[in-house]
Each structure stands twice: as C-alpha cells, then as structure tokens.
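Not measured: the values here are computed from a predicted model. Sequence positions, counted from 1, serve as the residue numbers for this chain.
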Amino acid sequence: MECYFNASQVKDDQTKVDTFVLYLYESVALWWRRKHGDIEKGLYTIDTWEEFKRQLKRQFFSHNAEDIAMKILCGLKHIGSIHDYIVEFTSLMLELPDMQEKDKLFYFMDGL
C-alpha cells in the first residue's frame, strides 16, 4: 500500500486509512468494523496512518515474529528450486529488518 500511496501521491492520513480498509477481508475486516464502531462511539481514536498500522500489527502480527523467522532461517536449506529458496529467504528477511548485510549473506550462503 505504501507504494500505491507514493505513486498516487496520497499524503493525507485519513485518505490512506479509508483506502486501505477497502482491501480488508475476513478476520481483518471484522477487526476494523469493531474498531470503527468504537471510533464512531467516541471510545477510541486512530488519528494517523502510523497509528492505524501499529494497531493492525498489534492485532495480527506475532509478538515474537523475529524470533520465529530467525529459527526458520537457521534451518532453511535449499532443497527444491533456487527460485523457491530465494523467495523463502526473502520473505524471512522481511521479518528481520535489522539484520546486517554480511549476516544476510552468511545465512543465504549457509542454506545453499
């Protein structure tokens, strides 16, 4: 969504939230309906796009996502296609944003 907002030059926080919620489904859509109901009742506020993202992550992302990703990374081995290995490795790197480049290279090469 961030890429879409940048390309569309969307800067307003409320527009970002309003646009994003159009893409929600299943349990995430239910979460937003409940939050939005609380907002309309004045029980709760989400004033910024950053606050919206924080609330969404708090609700749906594992608190120990980095630990889980690191454990998976340590056991990651290239057994199928190199493409599949790269996709899996890259996905794990998204969960480990603070990892140094030299460590990324080490883990990548170690799994080959």
- For the atom pair CG (Asp110) and CG (Leu76), what is the distance rounded to the nearest 0.5 Å? 9.5 Å
- Query: Do the ring planes of Phe20 and Trp49 sit parallel (below 30°), tilted (30 to 60°) or perpendicular (above 60°)?
  - Reply: perpendicular
- Query: Looking just at side-chain N and O atoms, do Glu51 and Gln55 make a donor-acceptor pair shorter than 3.5 Å?
  - Reply: yes
- Task: Flag yes if more than 12 heavy atoms outside Tyr4 fall under 6.0 Å of its OH atom; otherwise flag no.
- Result: no
- Message: Evaluate Val17 against Asp13 for side-chain contact (heavy atoms from CB on, under 4.5 Å), listing each step before the verdict.
- Response: CA-CA 6 Å; Val17 172; Asp13 284 343; 5.6 Å; no
- Task: Taking the side chain as every heavy atom from C-beta outward, state whether Phe5 and Thr19 have any pair of such atoms under 4.5 Å apart.
- Result: yes
- Take Leu73 and Leu96 through the test side-chain contact (heavy atoms from CB on, under 4.5 Å) and record every step on the way to the result. CA-CA 10 Å; Leu73 179 62; Leu96 300 163; 4.0 Å; yes
- Query: Do the ring planes of Trp32 and His36 sit parallel (below 30°), tilted (30 to 60°) or perpendicular (above 60°)?
  - Reply: tilted
- Task: With sequence neighbours excluded, give me every salt bridge (Lys or Arg N to Asp or Glu O under 4.0 Å) pair touching residues 29-39.
- Result: none
- Does the side chain of Asn6 pick up a donor-acceptor pair with the side chain of Glu2 at under 3.5 Å? no
- Item | Ile39 side chain reached by Ile46 side chain, heavy atoms, under 4.5 Å | yes
- Apart from Leu30 itself, what residues make up its hydrophobic cluster when side-chain heavy atoms of I, L, V, M, F, W and Y under 4.5 Å apart count as a link, directly or indirectly? none
- Message: Are Asp12 and Lys16 packed together at the side-chain level, in the sense that at least one heavy-atom pair is separated by less than 4.5 angstrom?
- Response: no
- Item | Atom pair OG1 (Thr48) and CD (Gln14), whose distance is rounded to the nearest 0.5 Å | 10.5 Å
- Message: Using the rule that Ile, Leu, Val, Met, Phe, Trp and Tyr join whenever any side-chain heavy atoms are under 4.5 Å apart, tell me whether Val87 and Met93 fall into a single cluster.
- Response: no
- Task: Indicate yes or no: at least one non-hydrogen side-chain atom of Glu95 is less than 4.5 angstrom from one of Met70.
- Result: no
- Is Met109 linked to Ile79 within one hydrophobic cluster, defined over Ile, Leu, Val, Met, Phe, Trp and Tyr using a side-chain heavy-atom separation of less than 4.5 Å? no
- Verify the neighbour count for atom NZ of Lys77: are there more than 12 heavy atoms of other residues, nucleotides or ligands below 6.0 Å? yes
- Task: Fit a plane to each ring of Phe89 and Phe108, take the angle between them on a 0 to 90° scale, and name the class: parallel (under 30°), tilted (30 to 60°) or perpendicular (over 60°).
- Result: perpendicular
- For Thr15 and Asp18, does a side-chain donor sit closer than 3.5 Å to a side-chain acceptor? no
- Task: Not counting sequence neighbours, which residues clear side-chain contact (heavy atoms from CB on, under 4.5 Å) with Phe60? List them please.
- Result: Ser27, Val28, Trp31, Leu56
- Query: Rounded to the nearest 0.5 Å, how far does CE of Met99 lie from CG of Leu105?
  - Reply: 11.5 Å
- Query: Roughly how far, to the nearest 0.5 Å, is NZ of Lys71 from CG of Leu92?
  - Reply: 13.5 Å
- Crowding at OH, Tyr107 (>12 non-hydrogen neighbours, <6.0 Å): no
- Message: In the structure I gave you, are the side-chain heavy atoms of Glu88 and Ile72 within less than 4.5 Å of one another anywhere?
- Response: yes
- Step by step, would you call Asp47 with Phe52 a side-chain contact (heavy atoms from CB on, under 4.5 Å)? CA-CA 8 Å; Asp47 297 324; Phe52 177 82; over 6 Å; no
- Message: Would you compute the distance between atom CG of Asp98 and atom CG of Asp103 and round it to the nearest 0.5 angstrom?
- Response: 11.5 Å
